[in-house]
Structures are given as C-alpha cells and as structure tokens.
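Once you've had a glance at the structure underneath, I'll fire off some questions.
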Amino acid sequence: MFREKNAKKKYYDKDLVYLAELMLRWPFKCYLKICHELFTKSLRLFVVTESYISKGGEQVNVIIEYNTSYISFDLMMKHFNMFAFKKRNVASIERKKEEYTYLPSLDLVRTPFQLCTMENINKLAAQLSYAICLTAHDRYYSDFDPVNVSSAIHEKEPNKTIYSGSKNKADWEIPSNILWSNTRSIPQKPSRHAKDLTQVKDFITKKREQGITEAKQLARLIDSFFPGLLTDQELGELLPARPQRNIKYESQRKRGQRLRNVT
C-alpha cells in the first residue's frame with residue numbers, strides 16, 4: 001500500500017539505487033541489512049510508477065513511497081525492478097555503517113546465499129522478496145530479530161500467509177528482465193584486470209584514523225575484508241615501508257609477501 005501522506009514525486013533516475021543494485025552494494029548478508037533498515041524505517045522504499053525523458057535528455061522517474069507492511073510477495077516477484085531507494089538515503093546509512101559495503105573473508109561465507117553475487121542474485125532476490133514481506137515491518141513480528149530473517153532466507157517451507165502456491169521454495173527465481181531496472185544496463189562481472197582500489201585506500205585511511213597503524217595488522221584486515229583482491233605487489237604498494245620513496249615493482253611484491261607471512 002502506498003503511503004497516503006506522500007504524493008507522487010519526480011526523481012532523476014541517476015539519484016536512485018534499485019533493490020537489485022543495493023543487494024550487490026551490501027553484498028554480505030544483504031538480506032539482514034536491508035530488512036533491518038526497512039524495519040527501523042531508516043531505509044525508505046519507493047516504487048517507480050512511470051518514467052520519461054526530460055527536455056534535457058535525462059531519465060526522470062515518478063516515484064511514490066511504499067509501506068512495507070502491505071507489500072505482497074506476488075508483487076515483488078512480478079515487479080522487482082520497480083523497487084528503489086533514494087541514493088542519498090543509502091549513502092547516509094553507509095556513512096554510519098561503512099561495514100555494509102565490505103566483502104568478508106571467504107571463511108565467513110558458509111551458505112550459498114550469504115554473499116550476493118551475479119551468479120546467485122536471481123535466486124537470492126526471490127528469497128529476499130519473501131524475507132521483506134515477512135520481516136521488514138512489525139506486522140508479523142513486533143521486534144526485529146536477525147534469526148527470523150535468516151530463517152526466512154534458508155527455511156525450506158514458506159509461511160503460507162506470504163506464499164500459498166505450490167512451487168518449491170528452493171526453485172524460486174526472478175528472471176533478469178524483472179530483476180534489473182529497464183533504465184540500467186545489467187552489471188557485468190568485474191574484470192580481474194580492472195581493479196578499482198579506491199575502496200581499499202579509503203579502508204586503510206579509516207583504520208589509521210581509528211588508531212590501527214601497524215602495517216602487518218592492516219594487511220590482515222585488508223585480506224579479511226577484501227579476500228583475494230590484492231596481489232602481493234598491490235599490497236606492498238598500498239602499505240609501503242617507506243612512503244614517499246619511489247619503490248620498484250619487485251620490491252613492492254616482496255614487501256607484500258612479507259606483510260602476509262605472519263604467523
């Protein structure tokens with residue numbers, strides 16, 4: 001049900017984050033983060049009701065806020081790409097909870113849906129839709145409990161109040177043409193050769209501001225939050241023994257190896 005107090009609003013498409021995009025943006029246990037932020041009303045859900053191109057050539061959407069207490073599983077499964085959030089709302093949450101965007105150490109990923117990827121997002125989106133309908137508001141649970149969300153994602157049998165159909169829950173899947181907004185191109189799998197290390201550099205800066213300055217400790221944290229991302233050379237370049245010095249590639253590689261050879 002739409003919130004009656006809120007009229008339809010015009011919003012530039014570039015200033016929205018669609019639900020599928022947010023799943024990849026908050027990749028580790030995205031279902032816990034999204035359901036929690038919706039439950040606490042820190043994250044406000046909108047539906048794109050129509051779109052058009054402005055005279056200036058920009059994509060403009062007409063959006064209206066949606067009350068998650070009345071959201072239906074059938075609606076989400078058929079119109080997943082209509083659901084979006086204001087980018088500034090998402091960014092505000094991330095400033096307070098920067099860990100939402102981090103990738104975990106691989107040993108923390110123990111079930112197929114814990115980490116959202118391009119390989120599992122179609123199936124995970126269906127399970128997230130179910131979890132939102134059941135746990136992202138206080139209609140069925142008066143308090144937010146992560147256990148309820150995890151159960152909604154991983155349980156074999158659905159709550160008949162949410163889904164009374166006959167299809168096996170494990171077979172639920174949202175097709176790509178419904179998953180992704182028609183105004184956006186489908187994200188491509190990241191190239192192994194085109195790395196953006198901005199997030200790692202920001203991570204190092206934050207940790208140093210928090211008082212963590214020892215290079216080996218920083219290296220362990222980087223490898224924990226960004227598993228498999230950096231080569232030895234890249235790690236050595238980001239955590240040089242002598243900043244301001246022009247260090248050769250091979251020296252950077254050896255530096256990275258030394259930082260990782262910690263018992």
Side-chain angles (χ1 to χ4, degrees), residues 1-6 8 16-49 61 63-86 89-90 93 100 111-117 120-182:
M1 179 181 293
F2 297 120
R3 294 186 184 275
E4 295 180 2
K5 66 178 181 178
N6 292 310
K8 293 183 178 180
L16 292 177
V17 176
Y18 287 88
L19 183 51
E21 295 172 335
L22 189 61
M23 292 172 66
L24 291 171
R25 187 163 170 153
W26 296 350
F28 186 56
K29 295 184 178 180
C30 65
Y31 43 89
L32 288 180
K33 299 165 185 173
I34 293 171
C35 288
H36 175 261
E37 298 300 333
L38 286 172
F39 186 94
T40 60
K41 296 181 172 54
S42 298
L43 187 64
R44 296 167 59 194
L45 181 67
F46 291 84
V47 169
V48 177
T49 61
N61 296 326
I63 63 174
I64 188 168
E65 190 169 0
Y66 204 95
N67 187 336
T68 54
S69 296
Y70 297 97
I71 200 167
S72 75
F73 180 68
D74 184 63
L75 177 67
M76 293 203 71
M77 290 292 285
K78 291 180 178 178
H79 303 284
F80 194 90
N81 57 5
M82 289 173 47
F83 294 96
F85 311 93
K86 292 182 178 180
N89 183 191
V90 173
I93 292 171
Y100 272 20
T111 64
F113 288 145
Q114 281 188 320
L115 185 65
C116 181
T117 67
N120 69 7
I121 191 170
N122 296 75
K123 284 184 172 291
L124 179 53
Q127 302 298 331
L128 174 63
S129 298
Y130 172 74
I132 288 175
C133 294
L134 186 63
T135 70
H137 47 78
D138 58 6
R139 189 175 182 183
Y140 302 112
Y141 299 103
S142 58
D143 298 305
F144 181 82
D145 188 341
V147 173
N148 293 332
V149 183
S150 293
S151 296
I153 295 293
H154 298 106
E155 66 189 2
K156 294 182 179 180
E157 297 296 329
N159 185 312
K160 297 299 182 182
T161 305
I162 307 300
Y163 177 75
S164 58
S166 59
K167 191 169 185 179
N168 192 312
K169 187 171 181 287
D171 296 331
W172 291 352
E173 185 169 353
I174 296 180
S176 292
N177 65 318
I178 295 176
L179 181 72
W180 303 103
S181 168
N182 296 327

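What you see below is based on every heavy atom in this structure, not just the backbone, and it leaves out hydrogens, waters and symmetry mates.
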Contact check, side chains of Y31 and L124, non-hydrogen atoms, under 4.5 Å: yes

Heavy-atom side-chain proximity of K33 to F28 below 4.5 angstrom: yes

Contact summary for P112 and N120, nearest pair of heavy atoms: O-ND2, 2.9 Å

Close side-chain approach of K78 and I178, heavy atoms under 4.5 Å: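 Answer no - side chains too far apart.
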
From C30 atom SG to L24 atom CG, the distance as rounded to the nearest 0.5 Å: 8.0 Å

Considering all heavy atoms, the nearest W180-E21 contact: CZ3-N, 4.3 Å

Main-chain N/O of S181 paired to N81 side chain as donor or acceptor, under 3.5 Å: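 Checking the backbone N and O of S181 against the side chain of N81, no donor-acceptor pair under 3.5 Å is found.
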
Distance, nearest 0.5 Å, that separates CE of M76 from CD1 of I132: 4.0 Å

L45 and F85, any side-chain heavy atoms less than 4.5 Å apart: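 Yes, close enough: below the 4.5 Å cut-off.
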
Side chain T135, main chain N148, donor-acceptor under 3.5 Å: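 Pair absent, no side-chain N/O of T135 close to backbone of N148.
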
Residues in ring-ring contact (aromatic ring centres under 6.0 Å, His included) contact with W172, at least two apart in sequence or another chain: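 Once residues adjacent in sequence are excluded, the partners of W172 under the ring-ring contact (aromatic ring centres under 6.0 Å, His included) criterion are F73, Y130, Y163.
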
Parallel, tilted or perpendicular: ring planes of F83 versus Y66, cut at 30 and 60 degrees: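 Aromatic pair F83/Y66 classed perpendicular.
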
Gap between atom CD1 of I93 and atom CG of L43 - 0.5 Å precision: 4.5 Å

Main-chain N/O of R44 paired to N89 side chain as donor or acceptor, under 3.5 Å: yes

Nearest-0.5 Å distance that lies between atom OH in Y18 and atom CE in M82: 10.0 Å

Close side-chain approach of V149 and H36, heavy atoms under 4.5 Å: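 No, too far: nothing below the 4.5 Å cut-off.
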
Reported NE2-to-OH distance for the pair H137 and Y70, which is rounded to 0.5 angstrom: 10.0 Å

Donor-acceptor contact present, side-chain H154 to main-chain S150, <3.5 Å: yes

Non-hydrogen atoms of A20 and I121 that approach each other most closely: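 It is O-CD1, 3.6 Å.
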
Polar side chain donor-acceptor pair, D74 to S72, under 3.5 angstrom: no

Within-4.5 Å side-chain heavy-atom neighbours: P27 and T117: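 SC-SC contact between P27 and T117 ruled out.
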
Validation row: Y140, N159 side chains within 4.5 angstrom (heavy atoms): no

Sub-4.5 Å side-chain heavy-atom contact between I34 and L19: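 Yes, side chains in contact.
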
Heavy-atom closest contact (I174 atom, A126 atom, distance): CD1-N, 3.9 Å

Pairwise distance CG(L179) to OG(S129) - rounded to 0.5 angstrom: 9.0 Å

